Engineer: 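Structure below; questions to follow.
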Amino acid sequence: MYIIETARLGLRDWQESDLSPYAAMCNDPRVMEFFPKTLTKEEAREMINRLKQHIAAKGYGFWAVDIKTTGEFIGFVGLETPRFEADFTPCVEIGWRLAYQYWNKGYAQEAARKCLEFGFNHLGLTEIVAFTPILNKRSINVMKKIGMTYVKDFDHPNIKLGSPLRKHVLYKIASKHCSMVIF
Ligand SMILES: CC(C)(COP(=O)(O)OP(=O)(O)OC[C@H]1O[C@@H](n2cnc3c(N)ncnc32)[C@H](O)[C@@H]1OP(=O)(O)O)[C@@H](O)C(=O)NCCC(=O)NCCS
C-alpha cells in the first residue's frame with residue numbers, strides 16, 4: 001500500500017478518509033500561516049483531487065503520509081512539478097504540509113529524505129528544488145536539514161504585489177550531492 005516507507009512513516013496515494021483530517025488541517029491558521037488563506041472543505045477536496053491527478057499522471061506527487069504503527073494520517077510530503085513559470089521552471093519541487101499536532105517530531109525531515117532518494121534513484125532526477133516564503137523559517141529549516149542549499153530570493157508570480165508572502169527563497173539539491181550528504 002505504501003509507495004515510500006521510512007522508519008516511522010508510510011507515503012501513499014490519497015484515499016477518501018483523508019478528506020476530513022486534511023480539510024481540518026487546511027482550515028487551521030497555524031498550518032496555513034504562510035499561505036494566502038485557509039481552505040474550505042470544498043477547496044481541500046479540490047486540492048486532494050488535483051494531487052491525485054498529479055500522482056496518476058506522473059507517478060509521483062505530494063503523497064499522503066501515515067504514521068505506520070497507528071495508521072494516523074498526518075499530512076503530505078512529496079515531489080511535484082510547479083504550475084507557475086519562473087526562470088527555474090520546469091523543475092521538480094519537494095514540499096510538505098503536516099497537521100499542527102505532528103510538528104516537532106522530525107516527521108517532515110524523515111519523509112523528505114526518502115522522497116529525495118526516490119526522486120534521484122527511482123525517477124532519475126538530477127536536481128530537486130524547494131521554495132517557500134522567506135518568513136517560513138520552519139520550512140527553510142527542513143530544507144537545510146535535508147542537505148539543500150540556498151540559491152536565491154525570488155518573487156512568487158502567483159502572490160499579489162505588496163503581500164509579505166510574495167518574497168520567496170529558492171533552495172536546491174543535486175543528485176550527486178545528495179548521495180554524499182544524506183545516505
Ligand atoms: C514546515 C513543516 C512541515 C515543518 O515541520 P517540523 O515538524 O517543524 O519539521 P521537522 O521534521 O524538521 O522537525 C522539526 C524538529 O523536530 C524535532 N524532532 C523531534 N523528534 C525528532 C526525530 N526523531 N528526528 C528528527 N527531529 C526530531 C527536531 O528538533 C527537529 O528540528 P531540528 O532538526 O532543527 O532540531 C510544518 O511546520 C508545517 O507543516 N507547516 C505548515 C505548512 C507549510 O508551511 N509548508 C511549507 C510550505 S512551502
Side-chain angles (χ1 to χ4, degrees), residues 4-11 14 18 21-40 43-44 47-48 50-51 54 61-70 72-84 86 88-89 91-119 128-160 163-173 178 181-183:
I4 294 177
E5 285 191 59
T6 72
R8 296 179 292 177
L9 306 170
L11 280 63
W14 293 78
D18 300 328
Y22 187 63
M25 64 179 260
C26 292
N27 193 36
D28 181 341
R30 297 169 299 190
V31 173
M32 302 304 281
E33 181 178 0
F34 301 108
F35 294 86
K37 61 186 273 306
T38 55
L39 301 186
T40 63
E43 287 167 335
M47 184 169 175
I48 290 178
R50 238 184 16 250
L51 298 180
H54 188 291
F62 284 158
W63 292 291
V65 180
D66 288 339
I67 297 175
K68 288 194 293 188
T69 50
T70 61
E72 284 163 87
F73 165 86
I74 66 167
F76 72 69
V77 179
L79 303 167
E80 250 222 348
T81 44
R83 289 179 296 161
F84 62 88
F88 56 86
T89 63
C91 60
V92 175
E93 69 156 319
I94 185 164
W96 32 72
R97 186 182 302 180
L98 301 182
Y100 184 75
Q101 65 268 36
Y102 302 107
W103 294 10
N104 279 320
K105 298 178 191 307
Y107 288 146
Q109 294 177 31
E110 182 172 319
R113 284 196 179 88
K114 282 284 184 176
C115 288
L116 290 181
E117 187 183 339
F118 185 92
I128 294 172
V129 307
F131 48 83
T132 194
I134 216 160
L135 300 172
N136 194 344
K137 301 299 178 210
R138 283 180 172 275
S139 191
I140 294 169
N141 185 53
V142 181
M143 294 171 196
K144 290 178 179 166
K145 286 293 163 120
I146 63 174
M148 304 187 88
T149 52
Y150 172 79
V151 180
K152 63 176 182 174
D153 295 353
F154 71 100
D155 287 332
H156 196 299
N158 291 355
I159 300 195
K160 64 174 192 277
S163 165
L165 300 178
R166 188 169 155 93
K167 185 67 78 187
H168 272 56
V169 285
L170 178 69
Y171 275 68
K172 74 171 181 187
I173 187 166
C178 186
V181 171
I182 298 185
F183 309 118

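As the structure lists them, so they are numbered: ligands from 1, and atoms in each ligand from 1. Bear in mind the structure is a predicted one, so any value in this text is a computation, not a measurement.
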Engineer: I'd like to know if Asp155 and Lys167 make a salt bridge, using a cut-off of under 4.0 Å between side-chain N and carboxylate O.
Structural biologist: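 Yes.
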Engineer: Can you see whether His156 engages Ser163 through a side-chain donor-acceptor pair at a distance of less than 3.5 angstrom?
Structural biologist: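 Per modelled atom types, His156 and Ser163 side chains form no pair under 3.5 Å.
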Engineer: Could you check Asn104 against Tyr107 for side chain to side chain donor-acceptor pair (under 3.5 Å), going step by step and ending with a plain yes or no?
Structural biologist: CA-CA 8 Å; Asn104 279 320; Tyr107 288 146; over 6 Å; no
Engineer: Identify the closest protein heavy atom to atom 33 (O) of ligand 1: which residue and atom is it, and at what distance?
Structural biologist: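 Minimum-distance protein heavy atom for atom 33 (O) of ligand 1 reads Gln109 NE2, 2.8 Å.
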Engineer: Which is closest to atom 25 (C) of ligand 1 in terms of heavy atoms, Ser139, Ala108, Pro133, Gly106?
Structural biologist: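 Comparing heavy atoms across Ser139, Ala108, Pro133, Gly106, the nearest one to atom 25 (C) of ligand 1 lies in Gly106.
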Engineer: Mind checking whether Trp103 contacts ligand 1 via backbone (N, CA, C, O), side chain (CB onward), both or neither, at a 4.0 Å heavy-atom cut-off?
Structural biologist: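 Near ligand 1, Trp103 shows its backbone as well as its side chain.
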Engineer: Any non-hydrogen protein atom below 4.0 Å of atom 42 (C) of ligand 1?
Structural biologist: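 Under the 4.0 Å cut-off, atom 42 (C) of ligand 1 does have protein heavy-atom neighbours.
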Engineer: For the residue pair Val129 and Met148, what are the closest heavy atoms and their distance?
Structural biologist: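 Closest approach of Val129 to Met148: C-CE, 3.6 Å.
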Engineer: Under 3.5 Å between some N or O of ligand 1 and some N or O of Tyr102?
Structural biologist: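 Not met; the criterion fails.
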Engineer: With a heavy-atom distance limit of 4.0 Å, tell me whether Lys144 approaches ligand 1 through its side chain, its backbone, both, or neither.
Structural biologist: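 No part of Lys144 comes within reach of ligand 1.
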Engineer: Identify the closest protein heavy atom to atom 44 (O) of ligand 1: which residue and atom is it, and at what distance?
Structural biologist: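 That would be Asn136 ND2, 2.8 Å.
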Engineer: Check whether the ring centres of Phe131 and Phe84 lie less than 6.0 Å apart, and answer yes or no.
Structural biologist: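 When the ring centroids of Phe131 and Phe84 are compared, they turn out to be within the sub-6.0 Å range.
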Engineer: Show me which atoms of ligand 1 lie under 4.0 Å from any heavy atom of Val142.
Structural biologist: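 Those atoms are 4 (C), 9 (O), 12 (O).
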Engineer: Starting from the C-alpha separation in whole Å, work towards a yes-or-no answer on side-chain contact (heavy atoms from CB on, under 4.5 Å) for Lys172 and Tyr150.
Structural biologist: CA-CA 7 Å; Lys172 74 171 181 187; Tyr150 172 79; over 6 Å; no
Engineer: Would you call the rings of Trp14 and Tyr22 parallel, tilted or perpendicular, where under 30° means parallel and over 60° means perpendicular?
Structural biologist: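 Perpendicular, since the angle between the ring planes exceeds 60°.
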Engineer: Nearest protein heavy-atom contact for atom 6 (P) of ligand 1: which residue, which atom, what distance?
Structural biologist: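 Here the nearest protein heavy atom works out to Asn104 N, 3.8 Å.
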Engineer: Take Cys115 and Leu11, measure what side-chain contact (heavy atoms from CB on, under 4.5 Å) needs, and give me the verdict at the end.
Structural biologist: CA-CA 9 Å; Cys115 288; Leu11 280 63; 3.4 Å; yes
Engineer: May I ask you to list the atoms of ligand 1 that are less than 4.0 angstrom from any heavy atom of Arg138?
Structural biologist: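 In order of number, 8 (O), 37 (O).
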Engineer: If you compare all heavy atoms of Cys26 against all heavy atoms of Arg97, which two are closest, and at what distance to 0.1 Å?
Structural biologist: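 Shortest heavy-atom separation between Cys26 and Arg97 comes out as SG-NH1, 3.3 Å.
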Engineer: State plainly whether the residues Lys37 and Glu43 are in salt-bridge range, i.e. N to O under 4.0 Å.
Structural biologist: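 Judged by the 4.0 Å cut-off on N to carboxylate O distance, Lys37 and Glu43 do form a salt bridge.
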Engineer: Given Arg113, Lys105, Glu93, Glu33, which one has a non-hydrogen atom that is nearest to atom 22 (C) of ligand 1?
Structural biologist: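 Residue with the shortest heavy-atom distance to the ligand atom: Lys105.
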Engineer: Under the 4.0 Å line, does any protein heavy atom show up next to atom 29 (O) of ligand 1?
Structural biologist: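 So far as the 4.0 Å threshold goes, atom 29 (O) of ligand 1 is out of reach of every protein heavy atom.
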Engineer: How close does the nearest protein non-hydrogen atom get to atom 47 (C) of ligand 1, and which residue and atom is it?
Structural biologist: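 Here the closest protein heavy atom is Phe35 CZ, 3.6 Å.
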Engineer: With heavy atoms of Arg8 as the reference, note each atom of ligand 1 found under 4.0 Å away.
Structural biologist: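 Atoms satisfying the 4.0 Å criterion: 22 (C), 23 (N).
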Engineer: Tell me, please: is Glu110 in heavy-atom contact with ligand 1, that is, under 4.0 Å?
Structural biologist: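 It does not, in that no heavy atom of Glu110 comes within the 4.0 Å cut-off of ligand 1.
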Engineer: Which atoms from ligand 1 have a heavy atom of Asn141 less than 4.0 Å away?
Structural biologist: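 Result: 31 (O), 32 (P), 34 (O).
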Engineer: Tell me the protein heavy atom at minimum distance from atom 39 (O) of ligand 1, and give that distance in Å.
Structural biologist: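 I find the closest protein heavy atom is Leu98 N, 2.8 Å.
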Engineer: Considering Phe76, Tyr100, Trp96, which one's heavy-atom position lies nearest to atom 46 (C) of ligand 1?
Structural biologist: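 Selected option, by shortest heavy-atom distance: Trp96.
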Engineer: For atom 48 (S) of ligand 1, what is the nearest protein heavy atom, given as residue, atom name and distance?
Structural biologist: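 Residue, atom and distance for the closest contact: Thr132 OG1, 3.1 Å.
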Engineer: Record the part of Phe131 in heavy-atom contact with ligand 1 below 4.0 Å; permitted values are side chain, backbone, both and neither.
Structural biologist: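 The answer is the backbone of Phe131.
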Engineer: Give me the nearest non-hydrogen protein atom to atom 32 (P) of ligand 1 as residue plus atom name, then the distance to 0.1 Å.
Structural biologist: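 Going atom by atom, the protein heavy atom closest to atom 32 (P) of ligand 1 ends up being Lys145 NZ, 3.5 Å.
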Engineer: Tell me whether the rings of Phe76 and Phe62 are parallel (<30°), tilted (30 to 60°) or perpendicular (>60°).
Structural biologist: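 Correct class here is parallel.
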Engineer: Is there a donor-acceptor pair under 3.5 Å between the side chain of Ser139 and the backbone N or O of Asn136?
Structural biologist: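 The answer is no, because no donor-acceptor pair under 3.5 Å joins these two groups.
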Engineer: Pull out every atom of ligand 1 sitting under 4.0 Å from any heavy atom of Tyr107, numbered as shown with elements.
Structural biologist: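 Those atoms are 11 (O).
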Engineer: For the residue pair Asp66 and Ile74, establish whether any side-chain heavy-atom pair is separated by less than 4.5 Å.
Structural biologist: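 A side-chain contact under 4.5 Å is absent here.
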